[in-house]
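Numbers here simply count residues along the sequence, with the first being 1.
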Amino acid sequence: METLPQEETLRENMARRSFLRYAGIGVAAGTIAMASACKKDKNNNSSNVIDIGSGDVGILNYAYALEQLEAAFYVRVAASPYANITATETALLTDIRDHEVAHREFFKAALGGNAIMGLTVDFTAINFADRTSVLNTAKAFEDLGVAAYNGAGYLIKDAGYLTLAGKIVSVEARHAAYIRNLISPGSYADNTVVDNNGLDKVMPIAQVLPTANMFLSTKVSANNYGYNI
């Protein structure tokens, strides 16, 4: 993953805070169990493609990959603000950066030795100096994240992890609403992300990863979930 000086200090602080925050509800114990039972699910290799694996480890690695992407994006946004950014926008995007880094570090800590490698991002298609480019990308990432969590939740077997995923997706949905409101005041959640039943849309892993991979140099596959590279 691209590393910025600011990222190093932030990562250390958020790692401690986020893990301690979540560890009290049983994740640490689950991590130990996974580390001993699911080593075979990890599929890091020397090529430019990495597979998420299977079972709860696979789904957590899937979430970890997406959170790596989002965290890297917002770290870059905060480090290189677009032209004429307002104080309100700076505060909002900084808060979202902190959330995404916390999510990333949470999954990394929870997975322990079963975590996929740190991914290398490719943001060459994004103009970080341009507000429209940044906010439209943020909107795409947040919408993708919400749909991804909703689409993979049923695959999680551990009730504790499912609860955590539900909490994280609720935060991601708030991010999506905030970003939409910056782009078009009052929009928050329109019919492009909410269906006729008033529910957030759902995307399976095989539909999410091709979009995520457009912004990753390290490609992510999900052989057990119908997405091969």
Side-chain angles (χ1 to χ4, degrees), residues 1-4 7 11 41-77 79-80 96-97 99-101 103-108 110-111 114-128 130 132-156 165 168-169 171-173 175-176 179 192-193 200-229:
M1 177 180 293
E2 292 183 352
T3 301
L4 302 173
E7 168 83 335
R11 182 191 328 216
D41 287 332
K42 188 173 67 172
N43 188 26
N44 294 0
N45 56 49
S46 59
S47 72
N48 208 33
V49 178
I50 186 167
D51 195 86
I52 60 172
S54 62
D56 279 1
V57 167
I59 302 306
L60 294 185
N61 268 322
Y62 172 57
Y64 178 43
L66 296 176
E67 296 294 353
Q68 286 191 58
L69 176 61
E70 289 188 295
F73 170 73
Y74 285 108
V75 166
R76 176 70 71 83
V77 170
S80 305
I96 295 178
R97 176 203 63 187
H99 296 164
E100 302 297 1
V101 171
H103 293 167
R104 182 195 66 197
E105 294 304 313
F106 161 71
F107 283 112
K108 182 179 180 180
L111 283 157
N114 290 296
I116 59 173
M117 62 189 290
L119 305 177
T120 302
V121 297
D122 178 2
F123 290 150
T124 53
I126 304 169
N127 181 358
F128 284 92
D130 179 72
T132 298
S133 178
V134 169
L135 294 184
N136 282 337
T137 304
K139 172 176 169 289
F141 283 172
E142 298 298 346
D143 289 349
L144 187 71
V146 173
Y149 274 100
N150 287 335
Y154 79 99
L155 296 169
I156 300 175
I168 291 175
V169 74
V171 176
E172 299 290 347
H175 294 169
I179 295 296
T192 62
V193 289
D200 278 320
K201 293 188 175 179
V202 172
M203 291 180 69
I205 295 172
Q207 289 184 12
V208 170
L209 286 181
T211 300
N213 278 332
M214 293 171 60
F215 299 92
L216 290 170
S217 295
T218 309
K219 304 302 182 185
V220 179
S221 68
N223 291 327
N224 290 294
Y225 303 98
Y227 179 61
N228 306 311
I229 296 178

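Using a 4.5 Å heavy-atom cutoff, the side chains of Val208 and Tyr62 are in contact. Between Asp200 and Tyr149, the closest side-chain pair of non-hydrogen atoms is not below 4.5 Å. Looking at Ile59 and Tyr225, their side chains come closer than 4.5 Å, going by heavy atoms from C-beta outward. A heavy-atom distance below 4.5 Å is found between the side chains of Ile205 and Leu155.
A donor-acceptor contact under 3.5 angstrom links the side chains of Glu172 and His103, judged on distance only. Side-chain N/O atoms of Asn228 and Ser221 include no donor and acceptor closer than 3.5 Å. For the residue pair Glu100/His175, the side-chain donor-acceptor check at 3.5 Å is satisfied.
Here the closest heavy-atom approach between residue Thr218 and residue Leu119 is recorded as CG2-CD2, 3.7 Å. Of all heavy-atom pairs between Val77 and Phe128, the closest is CG2-CE2, 3.8 Å. Among all heavy-atom pairs drawn from Gly226 and Ala206, the shortest one is O-CB, 3.8 Å. In terms of heavy-atom proximity, Ile179 sits nearest to Lys139 at CG2-N, 3.6 Å. When all heavy atoms of Ala72 and Val121 are compared, the pair lying nearest together is CB-CG1, 3.7 Å.
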Check against side chain to side chain contact (heavy atoms under 4.5 Å, CB included), Tyr154 and Val202:
CA-CA 11 Å; Tyr154 79 99; Val202 172; over 6 Å; no
Begin from the C-alpha positions of Leu111 and Ile116 and carry the test side chain to side chain contact (heavy atoms under 4.5 Å, CB included) through to its verdict.
CA-CA 9 Å; Leu111 283 157; Ile116 59 173; over 6 Å; no
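Rounded to the nearest 0.5 angstrom, Asp56 CG and Asn61 CG are separated by 11.0 Å. Between the CG atom of Leu216 and the CD1 atom of Ile50 there is a distance of 11.0 Å, given to the nearest 0.5 Å. Annotation: the span from Glu70 atom CD to His99 atom NE2 amounts to 12.5 Å, rounded to 0.5 Å. With values rounded to the nearest 0.5 angstrom, Leu144 atom CG is found 10.0 Å from Gln207 atom CD. A distance of 11.0 Å separates CG in Leu209 from NZ in Lys219, rounded to the nearest 0.5 Å. Taking CG of Asn213 as the reference point, atom CZ of Phe215 lies at 11.0 Å (rounded to 0.5 Å).
Within the 3.5 Å criterion, the main-chain N or O of Ile126 finds no donor-acceptor partner in the side chain of Ser133.
For Thr124, the side chain to side chain contact (heavy atoms under 4.5 Å, CB included) criterion is met by Asp122, not counting sequence neighbours. Under the side chain to side chain contact (heavy atoms under 4.5 Å, CB included) criterion, Ala176 pairs with Glu142, Asp143, not counting sequence neighbours.
Note on ring orientation: taking the six-membered ring where Trp is involved, the planes of Phe141 and Phe73 are perpendicular (angle over 60°, cut-offs 30° and 60°).
In this structure, Arg76 forms no cation-pi arrangement with Phe123, as its terminal cationic atom is not both closer than 6.0 Å to the ring centre and no more than 45° off the ring axis.
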